[in-house]
Structure formats: structure tokens, C-alpha cells
Amino acid sequence: MKTRNGYKTYPLTVGQNFHNYYMAFSPGKEILNVGTTLTIEFELDIDELRKAIYKAYERCESMRARLVYDKKEEKWYQYIVEKEEREIEFVDFTGKSMEEADAVMTLWTRRPFDKEDEPMNKVTIIKLPDGYEGMFIVGDHRFLDAQSLVAFMKDVIELYCNAKFEGIPYPAEMRSYIEQLEKDLAYEGGSKAQARDREYFHKLIEESEPIYNGIEGPGKLEQMRAFTGNPNLRAAPTGTAHFEAAIDIFHLEEESTMKLMAFCEEQHVSLQCLLLMGIRTYLQKFNNNDDVSIMVAYARRATLLEKKSGGTRIHSFPFRTIIPENKTFLEGIFEIRDRQNEVFRYVNFNPVEYLDYRREYYKCPPGFGYEAVALTYQPASLRNKGLTDLGDIQYKTKRYGNGYYSDGLYLTVMHRPEDNGLDFSFEHQIMAYSKKQLEYFYYYICKIMFAGIENPDVTIGEIIDLV
């Protein structure tokens with residue numbers, strides 16, 4: 001397929017096809033939906049906000065994307081329309097409760113974008129019962145991730161402020177999604193870089209087999225060893241056959257968050273490294289095992305083109321570390337930092353190919369894996385991305401669940417726009433984990449991190465005993 005409705009078509013990237021991969025196993029296509037609100041404690045000019053949204057659509061190619069399926073090739077394609085002319089609704093929730101408003105927006109999040117040649121997102125202008133005004137955005141994950149969502153919302157607000165207030169500069173231009181798409185497809189078409197990345201990950205996989213560490217200890221792995229009659233089994237089911245999911249969020253206050261951030265700045269490590277250290281030490285403690293694997297999401301937004309071209313750029317890979325208890329907490333973090341820096345050079349590789357090769361190499365049973373939890377840390381927030389021209393006006397964001405998740409547990413850690421404190425957002429299959437289990441997990445991750453930053457030269461074993 002070369003054109004559709006007069007527009008040039010492009011194949012999906014491996015990152016986009018990864019979403020198609022797990023969607024095929026889900027009861028509902030809405031598993032791909034991402035729903036978020038951005039609202040401000042300020043009376044907005046609805047007509048001007050609508051103009052800003054249309055202008056932001058003009059400036060962001062990925063938000064004008066369409067999908068089409070070629071039956072002959074049995075393959076999905078994408079193209080970008082020139083202009084968005086669809087209606088942008090205004091919904092006033094005044095007189096409703098916040099629970100009623102949330103219920104409506106949850107329903108909006110659970111309507112799949114499953115029609116060819118139709119928009120892959122929807123923006124609704126909203127006024128909430130608490131008086132906050134702004135917008136609700138729901139989009140298909142094949143064209144939207146956390147960073148592109150933040151970039152689009154920021155662009156809308158800056159365009160609005162430029163039109164309404166004196167002295168607010170016009171925002172810098174977005175970058176071309178198509179230009180970045182062509183770069184990605186060139187990489188995937190048999191490039192030397194792809195061959196180099198494949199060699200790296202194949203060698204990594206072939207070194208030795210990882211082992212499953214459960215959130216509640218080794219019980220699941222031992223159960224599977226007994227069930228299969230294989231006492232050397234190292235994999236276990238990472239989720240359930242029931243995709244119904246919920247999101248439970250736990251809030252770390254601003255002061256405590258700043259302590260974590262200060263430690264990271266002092267030691268020249270990212271907060272993601274500290275989070276990984278907290279999670280892996282928890283799993284190390286409760287499974288009595290130094291060998292720990294966690295699934296980690298990499299945003300792949302190093303260049304200005306990647307940062308400002310929109311779309312979805314998430315590739316997820318297992319991240320394995322073997323750190324003995326006699327090493328210090330700080331030594332463990334530095335080992336994670338060095339390995340993260342190494343892995344990041346290769347993350348353009350196809351994660352589905354990685355997982356398929358590992359499964360085949362170790363004869364891993366279907367539905368089994370080695371990672372009980374996946375982690376995404378989102379450093380991009382509206383506040384630390386430069387949206388400071390609103391002065392003292394308060395604004396907030398909220399995430400809405402689509403009702404499904406393809407695996408057991410996905411932890412997203414992000415900064416709240418209100419105070420830059422951290423929200424630990426656990427998306428989980430309802431049949432896999434309860435809120436109480438996750439609260440316990442969250443409590444211990446934080447306890448380990450704070451014990452470690454207060455005593456970075458203490459050994460991991462001592463911290464495990466301490467907490």
C-alpha cells in the first residue's frame with residue numbers, strides 16, 4: 001500500500017506493532033487507550049482554548065495520524081492527514097460530584113479507536129465540579145506515550161497563553177513525526193545499527209537464564225516447579241488469563257521526594273536508577289536471591305527530533321542485575337547506572353524479537369517469564385518541562401484506566417504537577433494483585449530507598465536486615 005486518500009502511507013514501527021501484539025490477546029481493543037486530564041484553577045476562554053487545540057493539532061503530525069489495514073498484505077499502515085476539522089466538545093460537569101465526572105471520563109477512556117481512516121485520539125474541553133477547567137485527552141498508545149502527551153498538552157496551554165496574555169512567547173515549533181518515522185523504518189530495514197543491537201542482546205540472553213522473583217516471595221516459582229515436575233525451572237507465570245485491570249496510586253509527599261532527588265543529584269545518578277535499586281532490593285530480600293530481573297520501559301527520546309516529534313517511542317526490555325548482599329547500597333546503584341547506560345545504546349531493537357528469542361532459547365513455557373514487575377519512570381512533567389508562565393495558578397493532571405492490562409503488574413512513577421512529589425501508579429490485573437499487596441510493596445520500596453540514601457555505604461545485606 002503506497003497511498004490512502006491521497007496521503008503517503010508508512011508501515012508501523014516495531015514499537016507500534018508491540019502494542020498490536022498484546023492487543024491480540026486482550027478481550028477489548030481499548031487496552032491500547034491512554035486517558036488523561038489537564039485542568040487549571042482558572043476561568044478559561046473556551047473559544048480561545050478550542051483554537052489553541054486546533055493549532056496544536058496543526059503543529060503535531062502524530063496527533064493527525066490514521067490507521068488502515070491492507071487485507072492483501074495482512075498488514076497495518078499509517079498516514080497523516082493535513083488538517084483536523086472534527087468538533088472539539090465542551091462538557092461542563094458543574095453540579096455533578098467528582099466521582100460522577102470521573103466515571104464519565106473513565107467511560108470515554110474505554111472506547112477503542114478501532115475504525116480505519118478515523119482519528120486515533122479525542123480531545124474534550126471540560127469544566128470539573130471543583131471549578132478547575134481544561135481538557136481531557138484519550139489516545140491510542142500506538143500514537144501516544146507519556147512524553148508526547150505532556151508535549152501536546154504543554155503546547156496547547158502555551159498557545160493559549162500566548163493568545164490571551166501579553167509577554168507570553170509563542171512556543172517553539174514541534175518536529176516532524178514523519179521524519180522520525182522514516183529514520184525508525186530505515187533502522188528496522190536491515191541497518192548495520194540493527195545488526196549490532198541484535199548481536200548485543202543475543203549475547204546478553206545467551207550468558208545465562210534469569211530467574212523469576214515474586215512480589216510475595218518464591219512461592220509461585222516453587223509451585224510451578226512442583227506442578228511441572230521440573231525442580232530447576234526458573235520461569236513462572238507473570239500474569240493471569242484475566243486481563244481486567246485497575247490502577248492503584250500511592251502518593252509520596254514533596255519533601256520526601258526532594259530528598260530522593262537531592263541524593264540522585266549529589267551522586268550523579270537518575271531517579272530511575274534509585275527506583276530500580278529499591279525494587280530489586282525488595283525482590284532480593286523477599287526471595288533471598290541476588291539475581292533479579294525487572295522489565296524497564298525506555299522512552300528513546302535523546303535527540304530534539306525524538307523529543308518533539310510526538311508518537312510513541314517506548315521500548316521495554318528486561319533489566320537483569322546480579323548484586324551480592326556484601327556490596328554497599330551506593331555500589332549497587334552505580335552498577336545499575338553503568339548497566340543502564342550500556343543498555344540504552346541498544347534499545348532501538350525490537351523488544352518482541354528479544355522476548356521471542358529468549359523464550360525460544362530457554363524453552364520457556366507459554367505465559368511464563370522472569371519479570372514480576374515492569375517499571376516506567378516519567379521525568380517529563382508539565383512543571384519541570386518549563387510550563388512556568390502560569391505563575392501561581394494551580395493545575396493538576398489525572399490518569400484514567402482503560403480497564404485492561406496484558407500482564408500482572410506495571411508500576412509508573414511520575415511527578416505530580418501540583419507539588420512535584422511522586423505518584424506511584426500501579427496498573428495491575430485484578431486477579432493477580434490486590435491493593436493491599438501493592439501498598440505493602442510500595443511501603444517497602446520507599447523504606448529501602450530512604451534507608452539507602454541515609455546510609456549509602458551500608459551493605460545491601462544490612463539494609464535488608466534493617467527494613
Is it the case that the side chains of [Y] and [X] hold a donor-acceptor pair, with the cut-off being a distance below 3.5 Å and no angle test?
X      : Y      : result
Glu216 : Tyr440 : no
Gln147 : Gln378 : no
Arg399 : Ser425 : yes
Glu253 : Ser256 : yes
Thr257 : Glu254 : no
Gln272 : Gln340 : yes
Thr109 : Asn33  : no
Ser208 : Arg234 : no
Tyr69  : Glu73  : no
Asp248 : His428 : yes
Glu209 : Tyr370 : yes

Next item on the list: Test Asp117 against Tyr79 for side-chain hydrogen bond (donor to acceptor under 3.5 Å, both in side chains), laying out the working first.
Entry: CA-CA 9 Å; Asp117 303 307; Tyr79 63 95; 2.6 Å; yes
List in chain and number order the residues that pass salt bridge (charged side-chain N to carboxylate O under 4.0 Å, His left out) with [X], two or more places apart in sequence or in another chain; answer none if no residue qualifies.
X      : result
Asp338 : none
Lys285 : none
Arg300 : none

Margin query: If you compare all heavy atoms of Tyr400 against all heavy atoms of Thr37, which two are closest, and at what distance to 0.1 Å?
Written below: CE1-CG2, 3.6 Å
Next item on the list: Identify the heavy atoms of Leu252 and Cys446 that sit nearest to each other, and give their distance.
Entry: CD1-SG, 4.4 Å
Check: Does the side chain of Lys398 come within less than 4.5 Å of Thr39's, by heavy atoms?
Finding: no
Next item on the list: Applying side-chain hydrogen bond (donor to acceptor under 3.5 Å, both in side chains), run through Asn121 and Tyr57 and close with a yes or a no.
Entry: CA-CA 11 Å; Asn121 59 71; Tyr57 271 127; 2.7 Å; yes
Has [X] got a side-chain atom pairing as donor or acceptor with [Y]'s backbone, closer than 3.5 angstrom?
X      : Y      : answer
Gln16  : Thr13  : yes
Arg64  : Val81  : yes
Asp145 : Ser148 : yes
Gln78  : Pro11  : yes

Next item on the list: Show the numbers, then the answer: is there a side-chain hydrogen bond (donor to acceptor under 3.5 Å, both in side chains) between Arg339 and Thr321?
Entry: CA-CA 8 Å; Arg339 179 56 68 92; Thr321 49; over 6 Å; no
Check: Taking the six-membered ring for Trp, are Tyr357 and His202 ring centroids under 6.0 Å apart?
Finding: yes
Check: Yes or no on side-chain hydrogen bond (donor to acceptor under 3.5 Å, both in side chains) for Glu61 and Ser176, after CA distance, side-chain angles and deciding distance?
Finding: CA-CA 7 Å; Glu61 290 174 346; Ser176 171; 3.1 Å; yes
